[in-house]
> 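If you scroll down you'll find the structure; I have some questions about it.
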Amino acid sequence: QVQLVESGGGLVQPGGSLRLSCAASGNVFSIKAMGWYRQAPGKQRELVAAVTNSGPTDYADSVKGRFTISRDVAKNTVYLQMNNLKPEDTAVYYCNAASTFRVSWGQGTQVTVSS
């Protein structure tokens with residue numbers, strides 16, 4: 001009942017930056033938290049960053065100090081600012097939205113960090 005559309009992925013050189021956006025639609029009033037996950041080839045999906053309605057955030061240790069998650073509730077959009085990107089950040093990034101009774105996922109956007 002919540003639809004998520006990611007954008008902003010692409011190819012970037014090491015040390016560069018990207019800003020991912022995730023726009024939510026549908027039953028948006030039910031959303032309690034939103035976040036970003038990523039999955040690299042041959043690896044399990046992992047949490048990158050998450051933010052709740054009350055504001056607290058969580059980050060994977062590997063991205064602390066480089067990535068920033070933010071949420072614009074009025075626009076039903078969550079962002080992931082990624083700075084100082086490294087080749088190991090290469091993955092498909094998925095937006096996530098959690099409500100009391102269900103979890104929704106976007107289709108993912110590819111981020112490739114390579115020289």
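We're numbering straight along the sequence, starting at 1.
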> Can you tell if the side chain of K86 reaches within under 4.5 Å of the side chain of P14, non-hydrogen atoms only?
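The answer is no, as the side chains (C-beta and beyond) never meet within the 4.5 Å cut-off.
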> Nearest 0.5 Å, please: how far is OG1 in T52 from CZ in R71?
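One finds 8.0 Å between CZ of R71 and OG1 of T52.
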> So, do Q81 and F67 sit near enough that their side-chain heavy atoms are less than 4.5 Å apart?
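Not in contact.
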> Please report the shortest heavy-atom distance between S17 and N84, naming the atom on each side.
OG-N, 4.2 Å
> Taking atom CG of D89 and atom OG of S114, what is their separation to the nearest 0.5 Å?
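D89 CG to S114 OG: 12.5 Å, rounded to 0.5 Å.
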> According to a hydrophobic-cluster definition based on side-chain heavy atoms being under 4.5 Å apart (Ile, Leu, Val, Met, Phe, Trp, Tyr only), do V103 and L47 belong together?
yes
> If you count every heavy atom of other residues, nucleotides or ligands that lies below 6.0 Å from Q107 atom CD, does the total exceed 12?
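Atom CD in Q107 is not packed in, count stays at 12 or less.
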> Does some side-chain heavy atom of T109 sit less than 4.5 Å from a side-chain heavy atom of V92?
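Not touching, per the 4.5 Å side-chain cut-off.
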> Is there a side-chain contact between C95 and M34 (heavy atoms, below 4.5 Å)?
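C95 vs M34: side chains touch.
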> Working to the nearest 0.5 angstrom, can you tell me the gap between Y94 OH and Y37 OH?
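If I round to the nearest 0.5 Å, the distance is 13.5 Å.
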> Answer whether the closest heavy-atom distance between the side chains of T90 and V111 falls below 4.5 Å.
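Side-chain contact under 4.5 Å: no.
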> Hey, what do you get for CE (M82) to CH2 (W36), rounding to the nearest 0.5 Å?
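The CE atom of M82 sits 8.0 Å away from the CH2 atom of W36.
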> Using a cut-off of 6.0 Å, state whether more than 12 heavy atoms not belonging to E88 lie near its atom CD.
yes
> Before you tell me yes or no, could you show the steps for D72 and T77 under side-chain hydrogen bond (donor to acceptor under 3.5 Å, both in side chains), namely the whole-Å CA-CA distance, both residues' side-chain angles and the distance that decides it to 0.1 Å?
CA-CA 5 Å; D72 188 331; T77 301; over 6 Å; no
> To the nearest 0.5 angstrom, please state how far the CD1 atom of I31 sits from the OG1 atom of T100.
11.5 Å
> So, for S99 and S30, which heavy atoms are closest and what is the spacing to 0.1 Å?
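Minimum heavy-atom contact is CB-O, 2.9 Å.
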> Report yes if some heavy atom in the side chain of Y79 is under 4.5 Å from a heavy atom in the side chain of I69; otherwise report no.
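Result no, sub-4.5 Å side-chain heavy-atom pair not found.
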> In sequence, state the C-alpha distance, the side-chain angles, and the governing distance for Q1 and V28, and then conclude on side-chain contact (heavy atoms from CB on, under 4.5 Å).
CA-CA 8 Å; Q1 292 189 302; V28 296; over 6 Å; no
> Name the one of R38, E6, Q39 that satisfies side chain to side chain donor-acceptor pair (under 3.5 Å) with Y93?
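Result: among R38, E6, Q39, R38 is the only option passing the side chain to side chain donor-acceptor pair (under 3.5 Å) with Y93.
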> In the structure I gave you, are the side-chain heavy atoms of T68 and L80 within less than 4.5 Å of one another anywhere?
no
> Find the distance between CG (L4) and CG (N96) and round it off to the nearest 0.5 Å.
7.5 Å
